[in-house]
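First up is the structure itself, then whatever we jot down about it.
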Amino acid sequence: YSLTINGALDAGTYSIKTTLIDVDNTIITVQIEYPGDVQLPYIDSNSRTATWNAITDELELSWVLPTGRYADLITQIRIVFSIPTNNNYLVVKMPPHATSVSLPVDLLAGFGVSANSNPSGIVWEMQTQAYNNAGLQYARGLSNKLALP
């Protein structure tokens, strides 16, 4: 089912009641928690760095966490690697307070990437995500896509 509401909806817990017509008119009531309109802050692309470590053969990524309104709602950070010419992508999930990660080059080998070589034109973006207690995502902030070095 879907529900369309015209206009703004205040934050709160709402009850939706529906009747299942094809199953002996059973009435079901569902409680839905709506946090309100949340504009989750994103990780500034100017704060992000990507370098290859030739000694460890790892891609080292770092960033500065966003601050301000709703920053405390971030429950997960995602690093998304993608190739702009097709639909291939790789997602690395990080805890909400992480500010860096070192990834073995083998992780990106499926894209044809090796240290200091990015023939596929892979780009990476960062996402801040907010999930409710039921595990449903209700907000996301997206950074700009940057090419790997």
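Reckoned from all heavy atoms, side chains included, excluding hydrogens, waters and symmetry mates.
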Inset, instruction - Would you kindly say whether Thr29 and Ser15 are connected by a side-chain donor-acceptor distance under 3.5 Å? - result: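 Judged by distance alone, the side chains do not pair up.
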Inset, instruction - Consider only side-chain heavy atoms of I, L, V, M, F, W and Y, link residues closer than 4.5 Å, and tell whether Val80 and Trp124 are in one cluster. - result: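 No; Trp124 is not reachable from Val80 via cluster members.
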Can you tell if the side chain of [X] reaches within under 4.5 Å of the side chain of [Y], non-hydrogen atoms only?
{"X": "Ile79", "Y": "Val91", "answer": "no"}
{"X": "Leu73", "Y": "Val38", "answer": "yes"}
{"X": "Pro84", "Y": "Val123", "answer": "yes"}
{"X": "Leu107", "Y": "Phe81", "answer": "no"}
{"X": "Leu40", "Y": "Ile74", "answer": "yes"}

Inset, instruction - Assess whether atom OH of Tyr89 is packed by more than 12 heavy atoms of other residues, nucleotides or ligands within 6.0 Å. - result: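 Check fails, neighbour count at 12 or below.
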Legend entry - Over 12 non-hydrogen atoms of neighbours within 6.0 angstrom of OH in Tyr42: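 It does not: Tyr42 OH has 12 such atoms or fewer within range.
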Nearest heavy atoms of [X] and [Y], plus distance in Å:
{"X": "Ala71", "Y": "Pro66", "answer": "CB-O, 3.7 Å"}
{"X": "Ser102", "Y": "Glu60", "answer": "OG-CG, 3.6 Å"}
{"X": "Glu58", "Y": "Pro104", "answer": "CG-CA, 4.0 Å"}

Donor-acceptor contact present, side-chain [X] to main-chain [Y], <3.5 Å:
{"X": "Ser47", "Y": "Trp63", "answer": "no"}
{"X": "Asn53", "Y": "Asp57", "answer": "no"}
{"X": "Arg48", "Y": "Asn144", "answer": "yes"}

State the [atom1]-[atom2] distance between [X] and [Y], to the nearest 0.5 angstrom.
{"X": "Met94", "Y": "Ile77", "atom1": "CE", "atom2": "CD1", "result": "7.0 Å"}
{"X": "Arg78", "Y": "Leu90", "atom1": "CZ", "atom2": "CG", "result": "11.5 Å"}
{"X": "Arg140", "Y": "Gln127", "atom1": "CZ", "atom2": "CD", "result": "5.0 Å"}
{"X": "Asn133", "Y": "Thr75", "atom1": "CG", "atom2": "OG1", "result": "10.0 Å"}
{"X": "Gln76", "Y": "Tyr131", "atom1": "CD", "atom2": "OH", "result": "4.5 Å"}
{"X": "Thr128", "Y": "Leu65", "atom1": "OG1", "atom2": "CG", "result": "10.0 Å"}

Legend entry - Single hit among Val101, Val105, Thr51, Leu108 for side-chain contact (heavy atoms from CB on, under 4.5 Å) with Leu59: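 Passing option: Leu108.
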Inset, instruction - Report the C-alpha separation of Leu103 and Leu61 in whole Å, then their side-chain angles, then the decisive distance to 0.1 Å, and conclude whether the side chain to side chain contact (heavy atoms under 4.5 Å, CB included) test is met. - result: CA-CA 8 Å; Leu103 303 171; Leu61 304 174; 4.1 Å; yes
